[in-house]
Amino acid sequence: MDIWHLLWDRGEYYMEEKQFRDKVYWLTFLFSLLVVWVHSFNGELFIGTPEAAFKVAGIERILGDRLGQIAVPGFFMISGYLFYRNCTWEKVGAKVKSRVRSVLVPYIVWNLLYYLGYVIGSRLPAMSGIIGKGRIPFRFTVAADAVLHYTYNYVFWYLNQLIVLILLAP
């Protein structure tokens, strides 16, 4: 095969890869909007008439309670597909290492930061009342519980479940 055919094939591959990545970005953007929508039901608070508020609430419920529920499974499917895309036995180690860096490390770091924030905040008189959890103990076992069970950062249920699924089927 001559050099022109090799360059053409390479260019075609990169164009297909760019198109694929663009589709992934758009899907994750859509799923992100749906997650925001699921957590932002409040349109009826700003509408004057009860009839209009009822219609807005209905639209919010359709988008949030029904359509919005595809967001988290959609993120999980994209994550799994990206892991197995172009996967060979030789690449598994690098892919697992990448997963540890992109999912596990941020999960641990952010949960520890939230835990430390609660520990510090529970000791500050001006913030302890706002936190409302009493004085949070500063111990390894409590920190481990905070990381393993996302005790102080409840929105990480999503990453916790993703990590469990990754462990079950990388």
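Atoms considered below: every heavy atom in the structure, side chains included; atoms not considered: hydrogens, waters and symmetry mates. One is the number of the first residue; the rest follow in order along the sequence.
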Answer yes or no: is there a side-chain heavy-atom contact under 4.5 Å between R21 and L82? yes
Report the C-alpha separation of L33 and W37 in whole Å, then their side-chain angles, then the decisive distance to 0.1 Å, and conclude whether the side chain to side chain contact (heavy atoms under 4.5 Å, CB included) test is met. CA-CA 6 Å; L33 288 178; W37 196 279; over 6 Å; no
Same cluster or not: are Y114 and V105 linked, directly or through other Ile, Leu, Val, Met, Phe, Trp or Tyr residues, by side-chain heavy atoms under 4.5 angstrom apart? yes
Using every non-hydrogen atom in the two residues, find where P106 and R101 come nearest and quote the distance to one decimal. CD-O, 3.2 Å
A side-chain contact here means heavy atoms from C-beta on lying under 4.5 Å apart; do F156 and N111 qualify? yes
What's the shortest heavy-atom distance between S122 and G134, and which atoms? CB-O, 3.2 Å
Kindly give the heavy-atom pair with the smallest separation between G68 and V38, and that separation in Å. CA-CG2, 3.7 Å
Please say yes or no: joined through hydrophobic side-chain contacts below 4.5 Å, possibly via intermediate residues, are L162 and L148 part of one cluster? no
Can you check whether I166 reaches F83 side chain to side chain, under 4.5 Å on heavy atoms? no
Considering only residues two or more places apart or on different chains, which pairs with a residue in residues 22-32 satisfy side-chain hydrogen bond (donor to acceptor under 3.5 Å, both in side chains)? K18-D22
Measuring from atom CD1 of I108 to atom CG of L159, what distance do you get when rounded to the nearest 0.5 angstrom? 11.0 Å
If a pair satisfies salt bridge (Lys or Arg N to Asp or Glu O under 4.0 Å) and one of its residues is in residues 134-153, list it, with sequence neighbours excluded. none
Can you say whether the rings of Y81 and F20 are parallel (under 30°), tilted (30 to 60°) or perpendicular (over 60°)? tilted
Hphob cluster co-occupancy, F31 + F29, side-chain heavy atoms under 4.5 angstrom: no
Partner residues of Y154 under the side-chain hydrogen bond (donor to acceptor under 3.5 Å, both in side chains) criterion, sequence neighbours left out: K133
Shortest non-hydrogen contact between R123 and I136, atoms and distance: NH1-O, 2.7 Å
Heavy-atom check, side chain of V142 versus side chain of Y152, under 4.5 Å: yes
Partner residues of T141 under the side-chain hydrogen bond (donor to acceptor under 3.5 Å, both in side chains) criterion, sequence neighbours left out: none
Does L27 reach the side chain of V24, with side-chain heavy atoms less than 4.5 Å apart? no
Student check: side-chain heavy atoms of S79 and R99 closer than 4.5 Å: yes
OH of Y115 to CG of N153: how many Å apart, nearest 0.5 Å? 14.5 Å
Please confirm whether the backbone N or O of Y84 pairs with a side-chain atom of K95, one donor and one acceptor, at under 3.5 Å? no
Pairs involving residues 156-165, ordered by first then second residue, that meet side-chain hydrogen bond (donor to acceptor under 3.5 Å, both in side chains) (sequence neighbours left out): Y107-N160
Applying ring pair (Phe, Tyr, Trp, His ring centres under 6.0 Å) as the test, list every pair that has at least one member in residues 122-150; sequence neighbours left out. none
Quick one: do I163 and V155 end up in the same hydrophobic cluster if we chain Ile, Leu, Val, Met, Phe, Trp and Tyr together by side-chain heavy atoms under 4.5 Å apart? yes
L34 with V36, same ILVMFWY side-chain cluster at under 4.5 Å: no
